[in-house]
Amino acid sequence: MNRVGSSVWRRFSSTSSSPTFVAKPAPAKARHHVQIPDTSFPHGYSLTGVHCGVKKNPSVLDLTVILSTSSKPASAAACFTRNAFKAAPVLVSQDVLEKSVGRARAIVTNSGCANAVTGKQGLEDAWAMVKATDALLPQRTKSKANKDIHDTFVMSTGVIGQNLPISKILSGISSLVPSSLGSDFAAWERAAKGFMTTDTFPKLRARTFSLGGRMFRMAGMDKGAGMIHPDMGPPTNPGQLHATLLGCILTDAAVSPQALQSALTYAVDRSFNSISVDGDMSTNDTIVVLANGAAAGETKEIEEHDPLFPAFRDELTSFAAELAQLVVRDGEGATKFVTVSVEGAPTFTDAHRVASKISTSALVKTALYGEDANWGRILAATGSVPLSTPIDPYRVNVTFVPADGSTPLPVLVRGEPEQVDEVRAKEILSAEDFEIKVDLGLGSESAQYWTCDFSYEYVRINGDYRS
């Protein structure tokens, strides 16, 4: 071994007497699970999470059922993975949404098995889950024209390529009675836990908001910690491949199906489609929203042309971003939560693509773990993205922004490197939260992504996922 090779080996050898790098544990994440007052949850929903036997440990919940109990079907909207290998529950839920013309009353989810790449049997199992959950609801009056309409969205998460233990799941669903479902915090918490796989805490949030002088409520849950880089859209909007991320948002506002889908598509682009843990897209990504109007009385549903629509859309977007950020905070092995802000872009799409590229760069993410202000990697990622207007390197600025409100640290100003205070840079990057801000100097559009670092723990989790 030559002298250089010997030197490199000594730096990284586990037997070295003076190792130069020490693995850091992920920060405690349980603090992100918070108690929510019962009054914050939307009216007209009953739900629970139970153990049905998909997972081996009987103390771990693996089945969630959510029912809308309002007098008529809720408006429904959804965004699904654009992966070419869409899982059976994705295909079935797309069909449910299309044939019901945006009306539904239930969601059923299992964790522990993704029911993805499972062929004909997988489709039959997903439909069986839909029909079993439909049976828990008061039956719709059906005619020959709508005999194929179903009320339930189905979602699954877990290992790909394995069939569901469907008899256990169907027994779990059919065993539910009204008294086993609830609407208080404990019921919502059980439902959120039924979604979990490698998640370290249940991701549950709720809020109240005002529209037209009336108070409404919105609550939601999602799951995800790895295989996270969603690119979801409505069923009729194919796009490029870009996580497993599952989520649902429930509100007691009255919104028409068309307006709800428009609001959700807008919100997802600025929330769930703006997060990345590892850059890998799942076969199962699904976000569902139900709006049952239980708090609206006789008020008519909000339409897209209604003056109240922008306010509802923005409330949904803000709430979706809050849920999405919880996924990044729970990223497998993650020790950092990093906001990547791209400003001065010609279009939102340009800004979003640059932010995505930075957020998925393995070199950037390993530098984040090492708390190394290696801004050259940020520039390399930025410059690799073709934009509608070519980048002028002498207009670009890069800044590290601390989350505590203290003075930001510019590292590149109009294409010229700054004399970086490495002690200050280390101080900023050693915090759990901080921001990377890139100004392209090409326009007025901006976008944000939320990402995390790559750690040794991430490799350990994913090198041993199926065992």
Check: [X]/[Y] side-chain N/O donor and acceptor closer than 3.5 Å:
X: Arg103; Y: Ser75; value: yes
X: Thr299; Y: Arg214; value: yes
X: Ser455; Y: Asp453; value: no
X: Thr265; Y: Gln261; value: yes
X: Ser274; Y: His352; value: yes
X: Arg313; Y: Ser318; value: no
X: Thr283; Y: Lys86; value: no
X: Thr347; Y: Thr349; value: no
X: Ser430; Y: Glu371; value: no
X: Thr317; Y: Arg270; value: no
X: Lys223; Y: Thr157; value: yes

Value for CG (Leu290) from CG (Leu260), rounded to nearest 0.5 Å, stands at 8.0 Å
Find the distance between CG (Asp252) and OH (Tyr45) and round it off to the nearest 0.5 Å.
-> 7.0 Å
Closest non-hydrogen atom pair between Ser93 and Val154, with its separation | OG-O, 2.8 Å
Asn397 to Val413 - nearest heavy-atom pair and separation = OD1-CA, 3.1 Å
Report the relative orientation of the aromatic rings in Phe434 and Phe400; use parallel for angles under 30°, tilted for 30 to 60°, perpendicular for over 60°.
-> perpendicular
